[in-house]
**Student:** 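Okay, handing you the structure first.
Position 1 is the first residue of the sequence; numbering continues from there. For the numbers below, each heavy atom of this structure counts, side chains included, while hydrogens, waters and symmetry mates do not. Computed from a predicted model, the values in this text were never measured in an experiment. Whatever order the structure lists them in is the order used to number ligands and atoms, beginning at 1.
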Amino acid sequence: MGNPLVARMQGFGTTIFAEMSALALSTGAINLGQGFPDTDGPREMLDAAIDAISSGRNQYPPGAGVPELLNAIAEHQKRFYGLRVDPAHEVLVTVGATEAIAAVILSLCEPGDEVVTFEPYYDSYAATIALAGAVRRTSALRFPDFAVDEASLRAAFSSRTRLVLLNSPHNPTGKVFSRAELELISSLAREHDAWVVTDEVYEHLVFDGAVHIPVATLPGMADRTITISSAGKTFSATGWKVGWLHGPAEAVAAARTVKQFLTYVASGPFQPAVALALGLGDDAYRGFASSLQAKRNLLCDGLSAAGLTVARPAGTYFVIADAAPLGASDALDFCRRLPDLCGVVGVPVSVFCDDQDAARTLVRFAFCKRDDVLTEAVARLGALAAR
Ligand code: GLN
């Protein structure tokens, strides 16, 4: 019968994260591929989930999310960014940021509408744009500084642009967009009357005093911006899949209409636990970033010492390195061989790019791992470089 998959999803076979995590499992290699921490988040958050299960919060939560989480999200946006968000009409809890991205794109894009995004892009962006029958228009961020190129960004906009899908801090580059870059994106969005959908799942994971600026805080942008985040990264709970979006009430209502028929609701007992985590003190938030910054330093210094050119990230839990000194000429092929070469798994950046030449020998490594794991990975990569 041939491949039964609809044409628009062909080419999206198995995600690179699933492929590389399976490879790590089957070879016993150190997994610096898929981004997930190997230690748990705050104890009080874990206990709150256990309490929620024990106290019977195990049935469908309300469609928009449990009230204490809606309130905690609004309070978080006020506390960290001075944003005023109405928890009753301007917030929607989703199954991770992934469902928020899908609900927004599927609710805003007609077939043929264009979505402007930067490449390399997070893998679900391309797949979700394709699911909606929309068209991806990209502007490349180029190694090693990943600066926004104004000419190519302008060229990506057209009369069919429906929305800009932005991600800052940015996976996989670790870039934190500057105010000037965000202003440029915002002015192009206004010029083309486009929505800005901004994926800020790494909002708290920034280093060396870098400042994350939510697009919704820029003058005049709140009424055309939909902000997405997730508990997975901030609180080291990627398996809980509690995400959210907020924005103007009409956009949130549109996303809610679609979300009802994707999953209806999810994560009942985890929602009150995330509400508690969002209210943790500033010291807890500072602790998440500073412990990750030390891990970034450990991995980046090790990769540099091994002779690799490293683009030291200002945020996220990823670093991109040029693996040419390790013998890479095609990163996908190289990453498939890396477990055998030295017992480490990374992710080829080329799978996140339309322009394959921009990332031919680039590999993304995750540093959200225990220090002993990172130290061993660095030793193995260093030994490979020395061969
Ligand atoms: N966001 C994680 C990463 O970039 C993986 C998430 C996933 O596997 N879908 O590695």
**Student:** According to side chain to side chain donor-acceptor pair (under 3.5 Å), who are the partners of Asp357, at least two apart in sequence or on a separate chain?
**Tutor:** Arg360
**Student:** Please examine the side chains of Leu374 and Lys295, heavy atoms only from C-beta on, and report whether any two atoms are closer than 4.5 Å.
**Tutor:** yes
**Student:** Tell me the salt bridge (charged side-chain N to carboxylate O under 4.0 Å, His left out) pairs involving residues 306-320, sequence neighbours left out?
**Tutor:** Asp301-Arg312
**Student:** Using 30° and 60° as the class limits, which term best fits the ring planes of Phe288 and Phe235: parallel, tilted or perpendicular?
**Tutor:** perpendicular
**Student:** Between ligand 1 and the protein, tabulate every N or O atom pair separated by less than 3.5 Å, reporting distance only.
**Tutor:**
from	atom 1	to	atom 2	distance (Å)
ligand 1	1 (N)	Tyr122	OH	3.4
ligand 1	1 (N)	Lys233	NZ	3.4
ligand 1	4 (O)	Asn171	ND2	2.9
ligand 1	4 (O)	Arg364	NH1	2.9
ligand 1	8 (O)	Gln34	NE2	2.6
ligand 1	9 (N)	Tyr122	OH	3.3
ligand 1	10 (O)	Gly35	N	2.7
ligand 1	10 (O)	Arg364	NH2	2.7

**Student:** Regarding Lys78 and the six-membered ring of Phe80, is the cationic atom NZ or CZ under 6.0 Å from the ring centre and inside 45° of its axis?
**Tutor:** no
**Student:** Would you be so kind as to tabulate the donor-acceptor pairs closer than 3.5 Å made by side chains of residues 124-135, with sequence neighbours excluded?
**Tutor:**
from	atom 1	to	atom 2	distance (Å)
Tyr125	OH	Asp199	OD2	2.6
Thr128	OG1	Ser124	O	2.7

